[in-house]
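Below, chain A is the first sequence line, B the second, and so on; all start at residue 1. Worth knowing before you read on, the calculation uses all heavy atoms, side chains too, and leaves out hydrogens, waters and symmetry mates.
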Amino acid sequence: MSHRSLAAQGLVVGYERGARVLDGASLTVPAGRRLAVLGANGSGKTTLLRCLSGALRPTAGAVTVDGTQLEHSRRGLRAHRQTVQLVLQDPDDQLFSASVAQDVSFGPLNLGLDEAEVRARVAEALDLLAVDHLGDRPTHQLSYGERKRVAIAGAVAMRPCVLLLDEPTAGLDPSAVTETLAALARLQDHDSTVVMSTHDVDLALRWADEVAVVVDRTVVQGRPDDVLDDRPLLGRARLDRPWALAVGARLRALGLLPVDAIPRDAAGLLAALPESPAVRR
Amino acid sequence: MSHRSLAAQGLVVGYERGARVLDGASLTVPAGRRLAVLGANGSGKTTLLRCLSGALRPTAGAVTVDGTQLEHSRRGLRAHRQTVQLVLQDPDDQLFSASVAQDVSFGPLNLGLDEAEVRARVAEALDLLAVDHLGDRPTHQLSYGERKRVAIAGAVAMRPCVLLLDEPTAGLDPSAVTETLAALARLQDHDSTVVMSTHDVDLALRWADEVAVVVDRTVVQGRPDDVLDDRPLLGRARLDRPWALAVGARLRALGLLPVDAIPRDAAGLLAALPESPAVRR
Amino acid sequence: MHIAEGFLPASHAVGWTVAAAPFVVHGARAVVKEVRENPESTLLLGAAGAFVFVLSAIKLPSVTGSSSHPTGTGVGAILFRPPVMALLGTVVLLFQALLLAHGGLTTLGANAFAFAVVGPWAGYGAYRLIRAFGGGLLPGVFAGMVLADLTTYVTTSLQLALAFPDASSGLAGAAAKFLGIFAVTQIPLAIGEGLLGVLLFRVLTVN
Amino acid sequence: MTGLAVDDAAWTSAWRHRSPGDKLLLCGGLVVCALLLPAWPGSVLVGLVAVGLALGPARVPARTFGRAVRLPLAFVTVGALTAVVAVDGDGIGWAPDAAARAGSLAGHALAGSAAVLLLATTTPMSDLLPALRRMRVPEAVVEVASVVYRLLFVLLDSLRTIREAQTARMGYSSLRRSYRSSGVLAAAVLTRSWDRARRMQAGLAGRGLETGLRVLPEALPSSRAFLVTTGAGLAGIVAASLAIA
């Protein structure tokens, strides 16, 4: 397992019902950097991730790993699946075994690893996601947030170089979001490049090194503070401008923030602001 | 249909698996005001709403409408249902018909209304939720956000005085959230009191007239800018402090906001801040 | 494989409809009674029917690489009993005819007789017999699933043979032909369905 | 969610808002004609009319119609060939009139299938099921069928997603693993179906589930012109067939 660079060039995906979902979408996932894929529901985020994972074969365009093109043959897909893993949004459709440990062992067992190695992989994955205490619990007794993390563990046990997560924080409460982000940071340290899709622009600004906005069937990629400050783009993408960029811009204009300070969240903003000149209550 | 005051006193709910979910929870939904019920996942938000709707009978405590206590008899529940409707988080739990219009007609038909009246109610409900264009689309072709609004329409067609919504915005993208909030405002104008549960503190601050935090098996109710600024309480409830309160407090301390200004969102904050004294680029 | 629309002569279509009707009506009565006593069971029965429909969308893995789908009526008969399966099976056939163009409307009776009556009863009978003689759950499920699948195809073959007797060897020759084409080829797939049933019940009983 | 092609066509067909009774009458009439009239020219006429109406006024995508007809075509080909092969002690040969008999069988079946498909691609199940009620099918059965219709899409969606997740984790990389994964998949879909039913019970209780699942079908009024044309068209097919045959 090591960080790898995953990319897509000129993806075209057309559904049978007529309209194209993606039409010339290109994207680069730089090895070892956090990429957030942003888009409204129905924009094609999930379709893009499914193409990257090999689950969906685009009508045109190519997916490459470190420059080598993905072949949609049995053999090509098998190799790709050991490099790239996708975790879909709804954990219920990814947990299909009775117990947590059993579910996480599904992938490693299919890789033909021996029992000791499978156990080690399961333990490692549960540990990375901080769900090791759930190992022998039945999957249907878990909370939504726990199920989401166990579903991620199932993919992590395959030791992917790139992990694609579709809306990993959707439906989670703030503390579960914090735990999930901590787990993703551990995965990153453990040499998996992490890509997440989300429609939460504030989260993307706070978390990502780079963002890719899926808009008008294509992708606009760049730095979070550039792309997420591009109001016409956000309007077309039906996304909001992160509050921190809006408020930060005004405070810089007021001279309260240094001209080069671009706070990404409340903590960053408060830290960058001067301490109160007024008397505290 | 008219606004009614719904309340719960000293609710105790114990699950079979041992621990109590609620233990002495009291809550008042003031007629015609927006109440947000806040809590982390698993805190008992849904249980509380189910008690209020009559779906769950508490071990102890009472639910009242305009002071009259809910009886858990067939007759009592039937009357209650015409006053209070609950919409669950997962729309697939409530949409049993493949035709949107047929699904919405289910409730009114069960009220024993005649065909013309049922059709009128269906049309009204679809209109209020701005999903009238979906009337003849199949449920299984709708997006998640569309299904959520159709599920709300199914409850609205019962013309409830109080509408309880469990996480109506969870999983929705920003534009779908905006549309849902607009629909809720129309319902409010249409004389339904709206209660929503959420774990999004920023949304609660922005939307609610009052908030009720479910914490430690009980409920703390009050004004959003009071309750959501109570950091020890939020800590116990595993919720974040809304960024607007944190940033607002600092800017007041810096003398940039009037002492009585409590902005609830980015737009409010920007409006309350002075225009830039510096030269604009 | 269900008999396509228009393939059976009218008299056969009517005859098989009459033959299947008592079983389906019996099943409908059972369902009506169940729903009257317990309105919520509408949802459970609907879910059961949807499950049987969806089960036939699972691809049975096969050595040759050609794919085939389980009938699913064996597992349905074991879980929900043959009378209910007679009705649910017929509903599923109606849906397959109208959503997948698989089967037909005038051949619904004939297909129901094979798929929703004979298959479930044979499968359920085999399952009960094995259980009664002290066989375990899984052998019972295996036999039930294999038999439900196989008897469905045997019945379909015989229905076709009855409709189209062989020009020189008559009914027997026709039966041999249709069984050879539609039933013998099904044997490995029926065994596959049995295996699938065993795996399914093994997962269920572990839970 | 991706649906089933025939169902998608039904919801978007230009005949979606025609009365289901009218369409049943037309398609039922065509099916009966396909069954009872001589294959030449009866079946040919029925087939041409059914396909013409589907692709013409009903605006069903030709691709959907063509794909859907493949399944009956396969059955009819194998079935008809088997029927016209003669076997006896000496071996295998063609029955007398093999070509004519096979043609007639295929004609009846393909015309009938096209007529059923015309109904299927223009009328969603949720419009057809209320019509069953008028045919004296018990309310409870119609309600169960309508829940089947809703849930099969929910379960198909689960099935596809679970299978995709299993595939990604190498669940179908050998025959043995494929079997194991399929068994797990079937069990998972079964538990989902129970779970769905249970959750819907809770979800619908507040809207009055204890009185059943009655719904109000859309008002899709019958068209006199459509009925007259149907009657005249069917009579024409019958007359032409009897005259020519």
Flag if over 12 foreign heavy atoms under 6.0 Å of [atom1], [X]:
X: B:Arg20; atom1: CZ; value: no
X: B:Glu71; atom1: CD; value: no
X: B:Arg119; atom1: CZ; value: yes

On a heavy-atom basis, which atom in [X] and which in [Y] lie closest, and how many Å separate them?
X: B:Gln94; Y: D:Leu204; answer: O-CD2, 3.3 Å
X: B:Leu95; Y: D:Arg150; answer: O-NE, 2.8 Å
X: B:Phe96; Y: D:Val215; answer: CZ-CG1, 3.6 Å

For [Y], does its backbone N or O pair with a side-chain atom of [X] as donor and acceptor, under 3.5 Å?
X: B:Gln102; Y: D:Ser126; value: yes
X: B:Gln85; Y: D:Gly206; value: yes
X: B:Asp93; Y: D:Ala202; value: no

Contact class of [X] relative to chain D, heavy atoms under 4.5 angstrom:
X: B:Gln82; answer: neither
X: B:Val122; answer: neither
X: B:Arg137; answer: backbone
X: B:Leu111; answer: neither
X: B:Ser99; answer: both

How are the rings of D:Tyr149 and B:His140 set to each other: parallel, tilted or perpendicular (split at 30° and 60°)?
perpendicular
Is it the backbone or the side chain of [X] that comes under 4.5 Å from a heavy atom of chain B, or both, or neither?
X: D:Arg16; result: side chain
X: D:Arg196; result: side chain
X: D:Ala197; result: neither
X: D:Pro217; result: both

Most heavy-atom pairs under 4.5 Å with chain D, out of B:Leu77, B:Leu88, B:Asn110, belong to B:Asn110
Any carboxylate oxygen within less than 4.0 angstrom of a Lys/Arg side-chain nitrogen, looking at B:Asp90 and D:Arg199?
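A salt bridge is present here (some side-chain N lies under 4.0 Å from a carboxylate O).
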To the nearest 0.5 Å, tell me how far B:Leu109 CG sits from D:Leu213 CG.
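Between B:Leu109 CG and D:Leu213 CG, I get 11.0 Å after rounding to 0.5 Å.
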Pairs of heavy atoms under 4.5 Å with chain B: top-ranked of D:Asp7, D:Asp127, D:Leu151, D:Leu209:
D:Asp7
